[in-house]
Amino acid sequence: MSSILEASTLVAPTAPVGDGAHGQELDAAIIAADHDRVFHSWSAQAHLPAFSVASGSGATLWNHAGERWLDFSSQLVNVNIGYQHPRVVAAIKQQADLLTTIAPATANLARAEAARRILAHAPATFEKVFFTNAGADANENAMRLARLYTGRDKIISRYRSYHGNTGAAVVATGDWRRIPNEYARGHVHVFGPYLYRSEFWATTPEEECARALHHLDRVIQMEGPDTIAGILLETVPGTAGILVPPPGYLAGVREIADRYGIVLICDEVMAGFGRTGTWFAFEQQNAIPDLVTFAKGVNSGYVPAGGVLLSSPVAHTFDERVFPGGLTYSGHPLAMAAIVATIEAMEDEQVVENAASVGATVIGPALAQLLADNPLVGDVRGTGLFWAAELVTDKATREPLPAGRMASIKAACLTRGLIATVVDNRVHVVPPCVITTDEARRGMAILAEVLTEEASR
Ligand code: PLP
């Protein structure tokens, strides 16, 4: 280990460590040590990004050298409450002093209170919460619940989706990550609505909605309705491009699920807990699912946690029958304390309302302006603080901007102090839900500058 690392404390500073040169040396040593020994997700290990973060506050992060970045990514779209929220940090410390761990079967105040706080924001049809460690295992357990409840086998999910990196969740996923991991059985995929690149030759949201629903119905009929346990969908597909569904789509899926006795599971791991400007995204779509999975924003990842909201009929199936599933850390007290404090702070500080308002008054209009002004911007879409700008080489052909140019855009944003999420040919604008109007304006101005520069190449 390099001596600068040995000499450094694990306690992150709120200001740069020593002078800038010392901080830079420390950042470089941390990156080198990380690349030497940490095996990274979804990456070729010889090509890892060089980024070190010391600490942060609100929507801002900084490294040891004192460089600061405005975060338009919320990391993996999970830090809805921003960095180092003092109430959440204090609650974790307080719970650590009281009880750091306890088995799931034991009743515990933090766990009971976390379930109560979550259910308070869900429709009255939901009665219980099964806690997991993250989003993938929430989806695993939701699929298991649907299968046990119906006695059926297959799960229908969508192309252009992500549901997590575990056995069935990754096979339910509808992007490239499924293909090298396809070991679970009983999964069927359908296309969902995406008007900009319609699979259905549609030209209006109404056509796209009707045809996507017709396609789903036809696939169910051809697969055999009695074989299908669940329809699993991201209420608003996130990683796939923030594909806000047309009005009527989720209600139509609900109607189809009811017609065939299929359990409707909404994956709100990314879309839930304020991201779309409401506590849950399905609230905006006139339909109530049977199961809802959540993680990320429930406590902004301060301590890993996820879970499944169970509607009463599904929950009561297991009153006398054993539920064959569990996790050592289900409802871990540190995660539960973080959930309670997060929800309390989000309520008191109107974080969800802030997401709706900054999205409607700053991000949405600024992206609409980019769509009008910049020849690279082919489509913009979103709600709350969940937005995407799709970049193309030609607005008529909609040819996606190539990866090299997208990488340049990401790097140019970073140089100007903005962390932007780039996925395929899109920039996702997904800042922490506590971002201020001024910060959002500043970030959008940087993005506009970078895209203008890129368009002039
Ligand atoms: N579902 C959705 C919609 C997600 O976006 C993600 C992660 O990005 C997951 C599930 C998996 O969550 P986790 O990485 O916490 O397992």
Side-chain angles (χ1 to χ4, degrees), residues 40-43 73-80 130-146 155-178 181 184 187 189 192 194 230-245 250 264-276 280-282 285 289 291-309 325 327 329-332 335 338-339 342 382-388 421-424 426 428-430 432-433:
H40 284 259
S41 324
W42 310 118
S43 301
S73 76
S74 304
Q75 297 307 291
L76 299 182
V77 203
N78 62 290
V79 193
N80 293 9
F130 177 66
F131 286 109
T132 62
N133 300 329
D137 49 347
N139 284 324
E140 293 290 334
N141 281 285
M143 287 185 270
R144 169 186 280 151
L145 282 162
I155 300 289
I156 294 188
S157 56
R158 287 189 300 209
Y159 296 110
R160 300 199 184 94
S161 67
Y162 181 65
H163 295 294
N165 177 34
T166 52
V170 79
V171 182
T173 287
D175 71 21
W176 68 272
R177 290 171 282 196
R178 165 174 58 92
N181 291 306
H187 293 270
H189 290 78
Y194 178 16
I231 299 172
L232 167 64
L233 43 83
E234 286 182 76
T235 317
V236 177
T239 312
I242 327 261
L243 306 172
V244 181
L250 192 66
L264 176 58
I265 309 165
C266 277
D267 177 343
E268 296 241 355
V269 168
M270 192 179 274
F273 290 91
R275 177 55 54 193
T276 64
F280 291 104
F282 67 77
Q285 295 182 32
L291 299 170
V292 178
T293 58
F294 65 87
K296 300 190 187 259
V298 71
N299 67 5
S300 287
Y302 281 37
V303 182
V308 187
L309 290 180
L327 300 150
Y329 303 129
S330 173
H332 190 280
I339 290 175
T342 297
T383 173
L385 288 174
F386 207 29
W387 288 86
T421 295
V422 165
V423 189
D424 300 332
R426 302 177 303 271
H428 291 189
V429 179
V430 285
C433 300

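In this text the structure is predicted, and so the values were computed from the model without any measurement. In each ligand, atom 1 is the first atom listed, and ligand 1 is the first ligand listed.
- Of the protein's non-hydrogen atoms, Met270 CE, 3.4 Å is the one closest to atom 5 (O) of ligand 1.
- Taking any N or O of Gly135, backbone or side chain, at least one lies under 3.5 Å from an N or O belonging to ligand 1.
- No donor-acceptor pair under 3.5 Å is formed between the side chain of Lys296 and the backbone N or O of Val77.
- Formation of a donor-acceptor pair under 3.5 Å by the Glu268 side chain with backbone atoms of Phe273 is not found in this model.
- Looking at atom 1 (N) of ligand 1, its nearest protein heavy atom turns out to be Asp267 OD2, 2.7 Å.
- A heavy-atom separation below 4.0 Å is found between Lys296 and ligand 1.
- In this structure, OG on Ser41 lies 8.0 Å from CG on Asn165, to the nearest 0.5 angstrom.
- Not a single heavy atom of Leu76 lies less than 4.0 angstrom from ligand 1.
- Remark: the backbone N or O of Val171 is not paired with any side-chain donor or acceptor of His163 at under 3.5 angstrom.
- Proximity of Thr293 to ligand 1, defined as any heavy-atom pair under 4.0 Å, is not found for any part of the residue.
- Rounded to the nearest 0.5 Å, atoms OG (Ser157) and CZ (Arg178) are 8.0 Å apart.
- Here's the thing with Thr239: none of its N/O atoms is less than 3.5 angstrom from an N/O atom of ligand 1.
- Near Glu234, with a cut-off below 4.0 Å to any heavy atom, the atoms of ligand 1 are 3 (C).
- Less than 4.0 angstrom separates some heavy atom of Asn139 from each of these atoms of ligand 1: 1 (N), 10 (C).
- Ring geometry for Phe280 versus Phe282: interplanar angle under 30°, hence parallel rather than tilted (30 to 60°).
- The Val269 neighbourhood of ligand 1 comprises atoms 1 (N), 2 (C), 4 (C), 6 (C), 9 (C), 10 (C), 12 (O), with distances under 4.0 Å to a heavy atom of that residue.
- Between Asn181 atom CG and Thr166 atom OG1 the span is 10.0 Å, to the nearest 0.5 Å.
- When atom types are taken as modelled, the side chain of Asn299 and the backbone of Val303 share a donor-acceptor pair closer than 3.5 angstrom.
- Scanning all protein heavy atoms for the shortest distance to atom 2 (C) of ligand 1 gives Tyr162 O, 3.2 Å.
- Within a 4.0 Å radius of atom 14 (O) of ligand 1, the protein contributes no heavy atom.
- For ligand 1, the atoms closer than 4.0 angstrom to any heavy atom of Ala136 are 11 (C), 12 (O), 13 (P), 16 (O).
- From Thr276, atom OG1 reaches atom CZ of Phe386 across 8.0 Å, with rounding to the nearest 0.5 Å.
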